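Take a look at the structure set out below.
Values below: all heavy atoms of this structure, side chains included; hydrogens, waters and symmetry mates excluded. Small disclaimer: the values here were computed from a predicted structure and weren't measured.
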Amino acid sequence: WHLNTLGCYRSDSVPKIQLITVNPSLNLWYTVIDNLIGNTVGSLNQAQKSILIGSLLGDGSLRLAKGKRNALFEVNHGIAQSEYVDWKYKLLKLFVLTCPKARKGNGRRIAYRFTTRSLPIFTRLYKYFYRENKKLIPDGLILDPLVLAVWFMDDGSKSRSSIYLNTQQFSIYDQERLLEMLASQFNLIGRLNKDKKYFRIRITTESTVRFKEIIKPYVLKLFNYKLE
């Protein structure tokens, strides 16, 4: 770790992101997102959009504080995943003023986090993903491999021969919509699995192999244990 030119203590091993080959339907989706958030200088590129969407399906959040005109995006993970936070920071740093920092949370947890500036691009995305301050799955959401990979790195796990996505924060209706999207867009079959009193998505054993093949090029080495 060293102090870089931005004044952040950072690791040298920040993985590079691979280019994504998109099909026509994804090009249409990115056009829709461009219309929502704007396509001017300083707007989001394709990889940034995918990271935001994957994060919003996982642990990421957008916040629009009372009295504020624009929303911000927050990345917040445990200190053990600092490399992952640094990776997101590097790809979103155009929109960030303050470097990621460690912060003591509840109990023994130490978080490592950053927030973006409050900007119109995040406000438009907030209006797309939130109703009455509650996160939901918007109509017409199209997933891509990087979205799936970030979603998995945020909130995924593997148990025996199945992949689990911890979607308990979403309603049953929204989780069923996600299952439909996985099936129609990637031919991935999943089921709702009851985890104590809430439900989450379980990718079937048959589809787990394909799921891992789709996301593997984009998953950081830090999370390889989740794929073993």
Where [X] and [Y] come nearest, the two heavy atoms and their spacing:
X	Y	value
Thr205	Ser162	OG1-OG, 3.6 Å
Val150	Gly54	CG1-C, 3.6 Å
Ala102	Ile79	CB-CD1, 4.0 Å
Thr115	Arg113	CG2-NH2, 3.4 Å
Tyr218	Ala149	CB-CB, 3.6 Å
Leu146	Asp144	N-OD1, 3.0 Å

Answer yes if the side chains of Asp139 and Tyr128 hold a donor-acceptor pair under 3.5 Å, and no otherwise.
no

Does [X] share a hydrophobic cluster with [Y], counting links as ILVMFWY side-chain heavy atoms below 4.5 Å and allowing steps through other members?
X	Y	result
Phe170	Leu192	yes
Leu148	Tyr164	no
Leu62	Leu44	yes
Leu136	Ile172	no
Val209	Val219	no

Do other residues, nucleotides or ligands put more than 12 heavy atoms under 6.0 Å from the [atom1] atom of [X]?
X	atom1	answer
Tyr130	OH	yes
Lys196	NZ	no
Arg69	CZ	no
Arg210	CZ	yes

Tell me, with the steps shown, if Phe223 and Phe152 meet ring pair (Phe, Tyr, Trp, His ring centres under 6.0 Å).
CA-CA 9 Å; Phe223 296 103; Phe152 174 77; 7.8 Å; no

Given the options Asp59, Val85, Leu52, Thr116, Val75 meets side chain to side chain contact (heavy atoms under 4.5 Å, CB included) only with Val85

Is there a donor-acceptor contact under 3.5 Å from the side chain of [X] to the main chain of [Y]?
X	Y	answer
Gln81	Leu222	no
Lys135	Ser61	no
Gln168	Tyr198	no

Side chain to side chain contact (heavy atoms under 4.5 Å, CB included) with Thr123: which residues, sequence neighbours excluded?
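Testing Thr123 for side chain to side chain contact (heavy atoms under 4.5 Å, CB included), a comparison that skips the adjacent residues, returns Asn70, Ala71, Lys127.
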
To the closest 0.5 Å, what do you measure between [atom1] ([X]) and [atom2] ([Y])?
X	Y	atom1	atom2	result
Lys158	Leu227	NZ	CG	8.5 Å
Arg202	Ser207	CZ	OG	10.0 Å
Gln46	Ile51	CD	CD1	10.5 Å
Ile189	Asn187	CD1	CG	5.5 Å
Trp151	Leu56	CH2	CG	12.0 Å
Ser161	Glu206	OG	CD	8.0 Å

Under the criterion side chain to side chain contact (heavy atoms under 4.5 Å, CB included), I'd like the reasoning laid out for Tyr173 against Ile137: C-alpha separation, chi angles, the key distance, then a yes or no.
CA-CA 9 Å; Tyr173 172 73; Ile137 302 303; over 6 Å; no

Report the residues that fulfil salt bridge (charged side-chain N to carboxylate O under 4.0 Å, His left out) with Glu180, sequence neighbours left out, ordered by chain and then residue number.
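For Glu180 there are no salt bridge (charged side-chain N to carboxylate O under 4.0 Å, His left out) partners, ignoring immediate neighbours.
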
The criterion is salt bridge (charged side-chain N to carboxylate O under 4.0 Å, His left out); which residues satisfy it with Arg117, sequence neighbours excluded?
none

Do [X] and [Y] have side-chain heavy atoms sitting under 4.5 Å apart?
X	Y	answer
Ile121	Phe73	no
Leu64	Phe122	no
Leu97	Phe114	no

What do the steps show when you test Asp155 against Gln169 for side chain to side chain contact (heavy atoms under 4.5 Å, CB included), and what is the final call?
CA-CA 11 Å; Asp155 254 352; Gln169 63 179 313; 4.1 Å; yes

Set out, in order, the CA-CA distance, both residues' side-chain angles and the distance that settles side chain to side chain contact (heavy atoms under 4.5 Å, CB included) for Leu57 and Leu178, then state yes or no.
CA-CA 10 Å; Leu57 293 177; Leu178 285 169; 4.0 Å; yes

Evaluation steps, salt bridge (charged side-chain N to carboxylate O under 4.0 Å, His left out), between Asp154 and Lys88
CA-CA 11 Å; Asp154 261 40; Lys88 288 186 178 182; 2.8 Å; yes

